[in-house]
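Here is the naming used below: chain letters follow the sequence lines, and residue numbers restart at 1 for every chain.
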Number of protein chains: 2
Amino acid sequence: MAKGKLSTRQQRMLTFIRDFLRENDYPPTIREIGRACLISSTSVVNYNLNKLEECGLINRNLRVSRGIQLTEAAPRNLVPIPLVGRIFASEPVPVPDAPASFAPDEAINLTRDLVGDGADLFALEVRGDSMIDAMIGDGDVVVMKRQIEARNGDLVAVWLNDSEETTLKHFYLEDGRVRLQPANPTMQPIYAIPANVRVQGKVVLVLRQMEAI
Amino acid sequence: MAKGKLSTRQQRMLTFIRDFLRENDYPPTIREIGRACLISSTSVVNYNLNKLEECGLINRNLRVSRGIQLTEAAPRNLVPIPLVGRIFASEPVPVPDAPASFAPDEAINLTRDLVGDGADLFALEVRGDSMIDAMIGDGDVVVMKRQIEARNGDLVAVWLNDSEETTLKHFYLEDGRVRLQPANPTMQPIYAIPANVRVQGKVVLVLRQMEAI
DNA sequence: CTTGACAGGGAACACCCGTTCTGTTATCAT
DNA sequence: ATGATAACAGAACGGGTGTTCCCTGTCAAG
């Protein structure tokens with residue numbers, strides 16, 4: 001019973017709970033919800049709260065006053081991702097060695113729906129315009145997953161042994177050779193033998209923040 | 001009576017309230033605080049809560065169950081941003097009219113350190129490769145701030161009246177004409193008279209999510 | 001020694017709040 | 001018609017919850 005459609009009343013209750021929580025920092029009671037949504041009976045509020053819980057939109061703590069949690073605001077929705085360094089074209093990716101060595105010196109928090117459980121993820125700030133053919137510019141932050149191998153189509157960071165540079169390209173292994181395809185479709189791919197490319201990780205997310213909102 | 005020193009008991013209560021709030025998303029009751037801090041009497045908890053309020057560390061809503069707010073970091077750091085539509089080169093940006101009409105049908109949650117308080121913000125999904133000179137590709141999500149005017153250097157979405165298209169460029173007003181500079185430094189700017197450009201909003205954040213983490 | 005402020009304990013009160021039970025109404029397939 | 005089911009209304013029950021009142025002990029100032 002994942003997602004029955006919400007009735008008008010249920011939708012109204014949900015937005016009220018959101019607004020109330022934003023205003024007061026604690027959830028409303030059943031009677032406060034009823035008063036705001038013009039529901040005279042507490043049992044009806046209770047009935048619809050159960051419906052909302054069945055849809056996975058809220059969590060209820062039974063027998064606890066104001067025991068309503070919005071699943072979207074649940075604290076475990078935030079995943080901290082360590083910002084481990086910068087990425088240059090002229091240097092390999094500084095992949096963090098110890099996965100568990102959680103360095104909270106600098107981290108960015110992202111929601112679980114963007115990055116999953118955050119396992120094996122780390123973030124890098126891009127320096128220079130060398131990744132421009134991957135549509136990634138100076139100052140962008142890339143979130144990467146640490147892995148050695150790549151599947152066809154993955155956008156990966158690779159170190160090219162002969163030219164000694166790091167680059168971000170889509171990876172394709174075909175006919176015994178590696179095709180590295182720029183994300184920008186107007187640019188040409190480059191080809192290499194497998195022994196020449198060392199996959200450093202796979203790009204999961206690109207984040208570009210303009211200064212001065 | 002701004003800041004008398006906190007007793008051990010008061011400090012313990014404060015950290016318990018923090019932990020409880022982090023875990024449950026709603027504040028504890030007086031008796032729950034007492035149980036956790038080994039205080040047998042509710043009046044003592046009440047007494048020390050008043051002390052904490054006098055120090056400005058919490059706010060109390062009298063006669064309301066669980067009516068405790070932490071003054072420090074209380075506001076939620078997740079900001080919901082409505083995903084209002086798609087952006088094509090051939091059509092104007094679908095700027096949402098009503099700012100207060102909170103449409104939770106589809107929204108992306110981002111942290112406050114990325115987007116501030118989220119005022120006047122909305123998100124659009126980019127369709128097509130027409131924004132490629134702004135380093136924005138098909139499937140990217142752009143978070144925009146609704147505004148009519150732009151300052152020099154802003155990355156804005158503009159509607160060009162004569163060519164009838166939407167484009168994302170850096171905005172510069174110089175010598176009475178508008179210079180629209182692609183974000184990709186290898187590409188050339190275009191020039192237009194101010195009457196020809198209509199600013200639709202300013203890009204605050206670009207988000208590119210790879211499928212299949 | 002008395003006094004007053006301060007910190008704490010215990011119990012009772014009155015209201016708040018979630019729950020549950022009994023109906024009522026409307027829709028719909030049988 | 002008929003039974004099933006969803007949605008809703010009202011009322012009552014019992015426990016949760018903030019508040020208040022009275023008490024004890026400590027400690028420094030008078």
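Judged as a side chain to side chain contact (heavy atoms under 4.5 Å, CB included), and not counting sequence neighbours, the contacts of B/Ser65 are A/Ser65, A/Arg66. For A/Ser40, the side chain to side chain contact (heavy atoms under 4.5 Å, CB included) test picks out no residue, with sequence neighbours left out. Qualifying ring pair (Phe, Tyr, Trp, His ring centres under 6.0 Å) partners for A/Phe20, counting only residues two or more places apart in sequence or in other chains: A/Phe16, A/Tyr26. Here B/Tyr47 pairs with B/Lys51 under the side chain to side chain contact (heavy atoms under 4.5 Å, CB included) rule; sequence neighbours left out.
A close approach under 4.0 Å does occur between a side-chain nitrogen or oxygen of A/Tyr47 and OP1 or OP2 of D/dA7. At the phosphate of C/dA7, neither OP1 nor OP2 sits under 4.0 Å from any side-chain N or O atom of B/Asn48. Taking 4.0 angstrom as the limit, B/Arg60 places none of its side-chain polar atoms (N or O) nearer than this to OP1 or OP2 of D/dG18. An OP1 or OP2 oxygen of C/dC6 is reached within less than 4.0 angstrom by no side-chain nitrogen or oxygen of B/Lys51. Proximity of B/Ser65 to the phosphate of C/dC17: a side-chain N or O atom is located under 4.0 Å from OP1 or OP2.
Across A/Ile33, A/Ile30, A/Leu52, a single residue satisfies side-chain contact (heavy atoms from CB on, under 4.5 Å) together with A/Ile68, and that is A/Ile33. With A/Leu110 as reference, A/Val115 is the one residue of A/Leu121, A/Val115, A/Val204 to meet the side-chain contact (heavy atoms from CB on, under 4.5 Å) rule. For the pairing with B/Gln69, the side-chain contact (heavy atoms from CB on, under 4.5 Å) check across B/Ile17, B/Leu21, B/Asn59, B/Ile58 returns one residue only, B/Asn59.
One interatomic measurement links the two molecules: CD of B/Gln10 to P of C/dG8, which rounds to 7 Å at whole-angstrom precision. Between the CG atom of B/Leu49 and the P atom of D/dT20 there is a distance of 14 Å, rounded to whole Å. Here the P atom of nucleotide D/dT17 and the CG atom of A/Asn61 are 12 Å apart, to the nearest Å. With rounding to whole Å, A/Arg66 atom CZ is found 14 Å from C/dT19 atom P. Straight-line distance from the CD1 atom of A/Ile68 to the P atom of C/dC17: 12 Å, rounded to whole Å. In this structure, CD1 of A/Ile33 is placed 17 Å from P of C/dC16, rounded to the nearest angstrom. Rounded to whole angstrom, the span from the CG atom of A/Asn50 across to the P atom of C/dT19 amounts to 8 Å.
Interface remark: the B/Arg31 side chain does not form any donor-acceptor pair with the D/dG16 base, using a distance-only criterion of under 3.5 Å.
Fit an axis to the five pairs at each end of the helix from C/dC1-D/dG30 to C/dT30-D/dA1 and the two axes sit 10° apart, to the nearest 10 degrees.
Set against D/dT19, D/dA9, C/dG8, the side chain of B/Asn46 has D/dT19 as its closest nucleotide. Of the candidates D/dT19, C/dC17, C/dA7, the closest approach to any side-chain atom of B/Leu62 belongs to D/dT19. For A/Ile30, whose side chain is taken as the heavy atoms from C-beta onward, the closest listed nucleotide among C/dG18, D/dG18, D/dC8 is C/dG18.
Residues from residues 34-45 of chain B placing a heavy atom under 4.0 Å of any atom in DNA chain D, listed by number, are B/Thr42, B/Ser43.
Checked for salt-bridge contact, A/Arg60 and A/Glu53 miss the test: no charged N lies under 4.0 Å from a carboxylate O.
At a threshold of 4.0 angstrom between heavy atoms, the contacts of A/Arg63 are confined to the sugar-phosphate backbone, with no base atom among them.
The main-chain N or O of B/Ser7 is found under 3.5 Å from a side-chain atom of B/Gln10 such that the two form a donor-acceptor pair.
A distance of 6.5 Å separates CG in A/Asp113 from CG in B/Asn109, rounded to the nearest 0.5 Å.
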